[in-house]
Amino acid sequence: MLRLPQFELVQPSTVAEAVRALAECPGALVVAGGTDLVPNLKHELFTPPRVVSLALLAELRGIRRENDGSLVIGAMTPLAEVAESELVRAQAPALAQACSLIAGPQLRSMGTLGGNVMLDTRCQWYNQTYFWRAALGFCMKKDGTECHVVKGGRTCVAAASNDSAPALMTLGASLEIATASGKRTLALDDFWVADGIYNKQVARDEIVTAIRVPATGAGHRGAYGKLRDRGSIDFPLLGVAVRLELDAQDTVAQADVVITALAAQPKRITKVAEALAGTKPGTAAFDAAVEAVGALAHKQCKPLPNIPGDADYRREMVPVYVRRTLQAAARREGPVHHV
Amino acid sequence: MSARDLHGPGAPWGGAEPGARSNSDFKVVGQPRPKVDGIAKATGAAVYTDDLTFPGMLHAKTLRSPHAHARIVRIDTSKARALKGVHAVLTGDSMPIKYGVIPWTPDENALAVDKVRFIGDPVAAVAAIDEDTANAALKLIEVEYELLHTYLDPFESLQRKEPQIHEDKKGGNISKSVQLEFGKVEEALAGAEVVVEDDYFFHGSTHAPIEPHCAVATYSADGVLTLWSATQITHYVHRALARVLELPAHRIRVIQPCLGGAFGGKSDPFSLEFCVSKLAMVTGRPVKMLWTREEVFYAHRGRHPMHLHYRSGVTKDGKLVGVDAKILIDGGSYSSFGLVTTYYSGQLLTGPYHFPTYRFDSTRVFTNKPPCGPKRGHGSVQPRFAFEVQLDQLAEKLALDPIEIRRRNFQGDFTRTVNGQRVTSNGFLQCLDEVESASRWKERRGKLGFGRGLGVAGSMYISGTNYPVYPNDMPQAGVQLKVDRSGLVTVFTGGNDIGQGSNSMCAYIVAEELGIPVERVRVVAADTDLCPVDLGAYSSRVTFMVGNATIDAARKLREKLVAAVAEKWECAPARVRLIEGLAIDLEDTARSMTSVEAFQLAETKFDTLGSTGSYNTPKLGGDYRGGTIGASPAYSFTAHVVDASVDVETGRITVHDVWVAHDCGRALNPMIVAGQMEGSAYMGLAEALFEEHDVNRFGLHRGPSLLDYRLPTSLDTPDFHARIVESIDPEGPYGAKEAGEGPLHPSLPALSNAVYDAVGIRLKHLPFTPAKVLAALREKRAAASVPQGVR
Ligand SMILES: Cc1cc2nc3c(=O)[nH]c(=O)nc-3n(C[C@H](O)[C@H](O)[C@H](O)COP(=O)(O)OP(=O)(O)OC[C@H]3O[C@@H](n4cnc5c(N)ncnc54)[C@H](O)[C@@H]3O)c2cc1C
Ligand code: SF4
């Protein structure tokens, strides 16, 4: 078995203690379920002097509905619980569906929503052991200077691979963050940086305490589509989150499509609402608009050979998964997944 | 022929007629029952190699080459040696003698001497007080390399002679080349009604057993080396250790603890076995090495990638007239079983169909990749894939049903193949019948609509071969029985139980023969100090050979028991029957005694009780160089029908059902046989659709982890329907033949053939990724839209 590097483990019992434990030790890292961090530690992608566990912070667990109808999901809530929650399924179906397809059953019991949002970007040249990376001569993201995906590239394009993120973006979600100096809120749309080395606007000494998902109404439709090799375990080769807002006549008033597993940040497809607005699911006009959105997405998405799998094939699947996921959302179905 | 060769396939107490097909004469054999170690494994009580610890035990780690092909200029281990907690550091010069599982091709060193040949080749080993210290020491070892040209493409290895991957090998980078022709192929093909010629590709795949390789060694004060190792070839490891460590074999003991899967991936002697042994000798401490999953991928010995070219011809009624094969085999960096692989790639194709003429030209080359070796269906899964797809291509040209063309070419039982192999029992036709009716082939094939289809394929495989890896005339398998006064019988067998159930099989046979419950038999296996030699768990030989040896030993013991009881009862021995824990008088059923009493009587009469038994193959094989390689005392036969659909938009293939009919001679435990059949078909489909073992452009393994190497999950697995066919082989133990490897073969070509039925594309290049399916569909549409006459 690969060994974990040595570090100091701190297990605070309040959020205040936790942010202090981070602030006082530069390079310290947070661990939630550990399903991303532990393999990364074993691969020596991180060698923190201290790891601060959020496991004892009961206040970060659970899902509740606020008076304004928004959902507040504690960062430490296990993915399995998010996927199965009646509240989430009713109000934010795309999120429930995305969480239901993350990794496999054991990992969904350990892995948390906060950890998923904060997932490190992934790349076939990076998510490897120290020996393997050394044999390669390393890469820019860790220990090296070159990029093996884009020859001569100066920005890391490791892929955002968290399934929950595109769903949360379509839902207009935001993060509640605790820092040494207080609290702040950050919309998921503003969370990203186009840099695969660290693609987030949440610093390493900050803690995501909750994920807030605004209220949705009766006309809300959402779904998630995921391309992967196997029926379980695998990270997305492509993740498609969609949102439709229907008006009282059941025609599309608003629409949104966000796609992940492309580069360092998920991509919002532009001109989606314009294409779909005014069409009614179940009609030829809607079907045609859905096709058009697929074509838009195909034009706007260029998967890279960053994660395993054939990049050309992933591109070819963009319009297919966009179309299928939009249609599933309109029918209140999903997730779109091959098994 | 000596007594050990033949006991006949009948029940021990000679039912109605010898060789009876019915299982009713048996008390134990033929019934589904749990494995003898099932509960221990299910509860976690079973002791695997990594569970062993000893006082003062050190932990060892391996430094590996980061270069695919390089000369070692200098190694400096002084800093590593100086690290606190480090007890010893070894490099190649400490064990310069080369070894290899095939004695004719020793080209491996425990640790690299002068050169490294793939990324991951072992270079140095450290023993330290714990794993972290050993790992830290690895980073302190300095190695200077001089890089050499790297071979990643087998076609280049075929052409280019310099530099040589193995410098002492004659003829550039060719590992082995075999050309054999039986009959006049060109003449035959010239007279054929239809000839199909095509190229096929089989990619690499690996075994991925759940348990990684692990070894522990101790070296006693009186100079005895004991090695516990997760191996499937205790005996060959024993021999290899003696050779490399230059110790007399009697001072070495090799033990295989409970094993967590092997599939051929543990059938070579491996670097870690030599390293822990030498480190134990040097330090005087017990030493353990457990490989990481990544290291298991580097050790590999998995399925050889093969570029296959086939040309076959048939008469107008679909009878084969000739088959011509040319195969390029990518061996990776070492020989391993490669000599055998090269022969197997041609020799094992000559059934279940009659080939009037046949020729093959197989060449294995070295490349700078993890070494290939034997994976379940060694050497024959690849040619079988190509040929069974080609057979469907031929059937299509003749507008023949794919099952029909296979029936028409059936070779028959008790026959001889074109390459001189003796075939005994052969239930292939019944296998075809079974899958045809179970899948409702006649009603469904070609009628499921665009997108869904059925495909068939057949195969044969060996039940061991008469080629012992090193030439000798001693038995291939030996068994010893020991009786305790409590009524317990202990079986000592060199056979390696790798999860296939060979220990259970020994217990069933002894219980059957002696008329005692299975629980009264204990099996001690794969310990070279305690057990007579068996050559190991490979080539599907264990049930056939160890099974026969066990029958042999048990019958000798039974004779003594019966004689002692008959003497006491003053009756003819024929009246004494051992059954259900008793000895009974068949003519006076009121008279009986417990088997414990019978054992004690026999011990009184004969002295300490025990017996030995053995098995060796009869002389087999063609009378030409290599004619014994692949010659088996009995062949198993299989047919599959696969039901699959294709999503033409995503290119994804979904397999719904697989019907697997397998002729295993007699199912000694139908539950285990069905498990092997399902597991084999699973593994074949996994290779067809998901798994790919390959290196990237740098020669680095593409993803040496269980995340990136895509083993199908339960969600990706179709429903399997196992149909056991029992042809009762005259020479197998109670008529049994192999069941562990044969049932893998047809799954890949049957899937390709099903996809053709579904959407009209011929998948000839494995694996069948969605991208390849889409490309083939595009090609087909393009061809269809070209106006007639233009092409
Ligand atoms: C085999 C395998 C398959 C997987 N497949 C998928 C998949 O299909 N889709 C997918 O999205 N993920 C997948 N994952 C990744 C992982 O399981 C999930 O992303 C999971 O949600 C991570 O949550 P965690 O609690 O385990 O995070 P951890 O591993 O504990 O943390 C992940 C990162 O987030 C930081 N972090 C965690 N919580 C917080 C917080 N509250 N505030 C600030 N920083 C925080 C950590 O410091 C760390 O950098 C897979 C993992 C494995 C091992
Ligand atoms: S994209 Fe991949 S190879 Fe390139 S720098 Fe990022 S992690 Fe490294």
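Here is how names work: the chains are called A, B, and so on, in the same order as the sequence lines, proteins then strands, and each is numbered from 1. Note that this is a predicted model, so its numbers are computed, not measured.
Closest non-hydrogen pair, Phe131(A) versus Glu294(B), comes out as CD2-OE2, 3.6 Å.
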Using residues 304-314 of chain A as the side-chain source, report each donor-acceptor pair under 3.5 Å to any protein atom, sequence neighbours left out, with the distance given to one decimal.
from, atom 1, to, atom 2, distance (Å)
Asn306(A), ND2, Val157(A), O, 2.9
Asn306(A), ND2, Leu262(A), O, 2.8
Asp310(A), OD1, Asp312(A), N, 3.0
Asp310(A), OD1, Tyr313(A), N, 3.2
Tyr313(A), OH, Thr650(B), O, 2.5
Arg314(A), NE, Leu237(A), O, 3.0
Arg314(A), NH1, Leu304(A), O, 2.8
Arg314(A), NH2, Ala261(A), O, 3.0

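Annotation: cation-pi geometry not satisfied between Arg293(B) and Trp132(A) (NZ/CZ under 6.0 angstrom from ring centroid, within 45° of ring axis).
For the side chain to side chain contact (heavy atoms under 4.5 Å, CB included) with Val123(B), the qualifying choice from Leu111(B), Val116(B), Leu138(B) is Val116(B), the only one to do so.
Residue Glu142(B) qualifies as enclosed at atom CD: its count of foreign heavy atoms under 6.0 Å is above 12.
Arg702(B) touches chain A through its backbone: at least one of N, CA, C or O sits under 4.5 Å from a heavy atom, while the side chain does not. The contact between Pro712(B) and chain A is made entirely by backbone atoms, counting heavy-atom distances below 4.5 Å. In this structure, chain A has a heavy atom under 4.5 Å from the backbone of Ser65(B), while its side chain stays farther away. When heavy atoms are compared at a cutoff of 4.5 Å, Arg133(A) does not approach chain B at all.
Top candidate by heavy-atom pairs under 4.5 Å with chain A, chosen from His67(B), Glu295(B), Arg64(B), is Arg64(B). Ranking Asp647(B), Asp708(B), Asn135(B), Leu689(B) against chain A, the residue ahead of the rest is Asp647(B), based on heavy-atom pairs under 4.5 Å. The most heavy-atom pairs under 4.5 Å with chain A, out of Thr654(B), Leu290(B), Asp132(B), Leu63(B), come from Asp132(B). Chosen from Pro39(A), Ala135(A), Gly137(A), Ser232(A), the residue pairing most often with chain B at heavy-atom distances under 4.5 Å is Ala135(A). When the candidates Gly699(B), Pro770(B), Pro212(B), Gly703(B) are compared by the number of heavy-atom contacts under 4.5 Å with chain A, Pro770(B) comes out ahead.
Remark: Arg108(A) engages no residue in a salt bridge (Lys or Arg N to Asp or Glu O under 4.0 Å) (not counting sequence neighbours).
In the model, His338(A) has no side-chain atom that pairs as donor or acceptor with a side-chain atom of Lys226(A) under 3.5 Å.
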